[in-house]
Undergrad: 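Supplied in structure tokens, the structure appears directly below.
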Amino acid sequence: QVQLVESGGGLVQPGESLRLSCAASGSRFSINVMGWYRQAPGKQRELVARITSTGTTNYAESVKGRFTISRDNAKNTVFLQMNSLKPEDTAVYYCNAVINVFGTYQYDDYWGQGTQVTVSS
């Protein structure tokens, strides 16, 4: 019913910036929480940042002060502005959203396909 499409990943040098975006599309729906997770080789998947429908944000300690999560005016797209990137930020980044499709009576988790972010000199 709903698909999440990510974009913005790529290869950058340490200290540079990158912006990820994730757009939800499909049936009529309501989004509760949107967030970004990441997983690097040999590491567990971790929550990077999330934002509620009212704009409340949470960040992993490792990215606080460098990354900023936001939502667009329609509240169906989430962004992750990543500044001062470090090699340890290298990972596959996944968009996640908790969504209710209109006409149903529950919220479900939806995931993007993942986008590779590589920080290397």
Side-chain angles (χ1 to χ4, degrees):
Q1 296 292 325
V2 179
Q3 294 183 343
L4 302 181
V5 181
E6 300 163 315
S7 63
L11 173 64
V12 297
Q13 298 181 6
E16 294 184 338
S17 299
L18 203 61
R19 189 185 72 142
L20 306 182
S21 64
C22 173
S25 62
S27 304
R28 296 174 63 241
F29 55 83
S30 175
I31 302 176
N32 187 356
V33 180
M34 301 188 78
W36 291 93
Y37 291 73
R38 69 184 181 187
Q39 186 167 25
K43 298 182 179 180
Q44 297 182 352
R45 182 175 297 188
E46 65 174 347
L47 174 67
V48 178
R50 60 185 174 190
I51 183 169
T52 70
S53 60
T54 58
T56 301
T57 59
N58 297 99
Y59 296 93
E61 188 65 29
S62 60
V63 307
K64 189 174 298 183
R66 299 187 298 119
F67 291 9
T68 302
I69 189 170
S70 61
R71 301 171 69 147
D72 73 354
N73 292 331
K75 297 183 179 180
N76 63 359
T77 301
V78 64
F79 302 92
L80 185 67
Q81 179 66 45
M82 304 183 293
N83 297 326
S84 302
L85 283 164
K86 304 175 180 179
E88 52 263 42
D89 294 319
T90 297
V92 177
Y93 285 70
Y94 297 91
C95 177
N96 170 253
V98 180
I99 296 176
N100 169 255
V101 176
F102 288 6
T104 67
Y105 304 95
Q106 64 182 21
Y107 282 82
D108 296 305
D109 281 335
Y110 289 82
W111 292 88
Q113 77 285 359
T115 184
Q116 177 70 48
V117 173
T118 302
V119 184
S120 177
S121 59

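Here, residue 1 is the first one in the sequence, and each next residue gets the next number.
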Undergrad: Do Phe79 and Ile99 land in one hydrophobic cluster if side-chain heavy atoms of ILVMFWY residues count as linked below 4.5 Å?
TA: no
Undergrad: Between CH2 of Trp36 and OG1 of Thr115, what distance do you get to the nearest 0.5 Å?
TA: 7.5 Å
Undergrad: Extract all donor-acceptor atom pairs below 3.5 Å that involve side chains of residues 4-25 and protein atoms in other chains or at least two apart in sequence.
TA:
unit_1, atom_1, unit_2, atom_2, d
Glu6, OE1, Gln113, N, 3.3
Glu6, OE1, Gly114, N, 2.4
Glu6, OE2, Cys95, N, 2.3
Ser7, OG, Ser21, OG, 2.7
Glu16, OE1, Gln13, N, 2.9
Ser17, OG, Asn83, OD1, 2.8

Undergrad: In Å and rounded to the nearest 0.5 Å, what is the CG to CG distance from Asn32 to Asn100?
TA: 9.5 Å
Undergrad: Are Val2 and Val98 connected in the hydrophobic side-chain network, where two residues link if heavy atoms are under 4.5 Å apart?
TA: no
Undergrad: I need the single residue from Val119, Leu85, Val117 that forms a side-chain contact (heavy atoms from CB on, under 4.5 Å) with Thr90. Which is it?
TA: Val119
Undergrad: Any chance CZ of Arg38 has more than 12 other-residue heavy atoms, nucleotides or ligands included, within less than 6.0 Å?
TA: yes
Undergrad: Ignoring hydrogens and angles, state whether a donor on the side chain of Thr54 or Thr52 is under 3.5 Å from an acceptor on the partner side chain.
TA: yes
Undergrad: Out of Thr56, Thr68, Ile69, Leu80, which residue meets the side-chain contact (heavy atoms from CB on, under 4.5 Å) rule with Ile51?
TA: Ile69
Undergrad: Nearest 0.5 Å, please: how far is CE in Met34 from CZ in Arg50?
TA: 14.0 Å
Undergrad: How many angstroms lie between CZ in Phe67 and CD in Gln81, if you round to the nearest 0.5 Å?
TA: 9.5 Å
Undergrad: List, by chain and number, the other hydrophobic cluster members for Trp111, where Ile, Leu, Val, Met, Phe, Trp and Tyr join if side-chain heavy atoms come within less than 4.5 Å, directly or indirectly.
TA: Tyr37, Leu47, Val92, Tyr94
Undergrad: Between Arg71 and Val33, what is the shortest heavy-atom contact and its length?
TA: NH1-CA, 4.4 Å
Undergrad: Looking at side-chain heavy atoms only, is the closest gap between Tyr110 and Val101 below 4.5 Å?
TA: yes
Undergrad: Is Asp89 close to Met82 at the side-chain level, that is, under 4.5 Å between some pair of heavy atoms?
TA: no
Undergrad: Taking side-chain hydrogen bond (donor to acceptor under 3.5 Å, both in side chains) as the definition, give me every residue that meets it alongside Ser27, ordered by chain and number, with sequence neighbours left out.
TA: Gln1
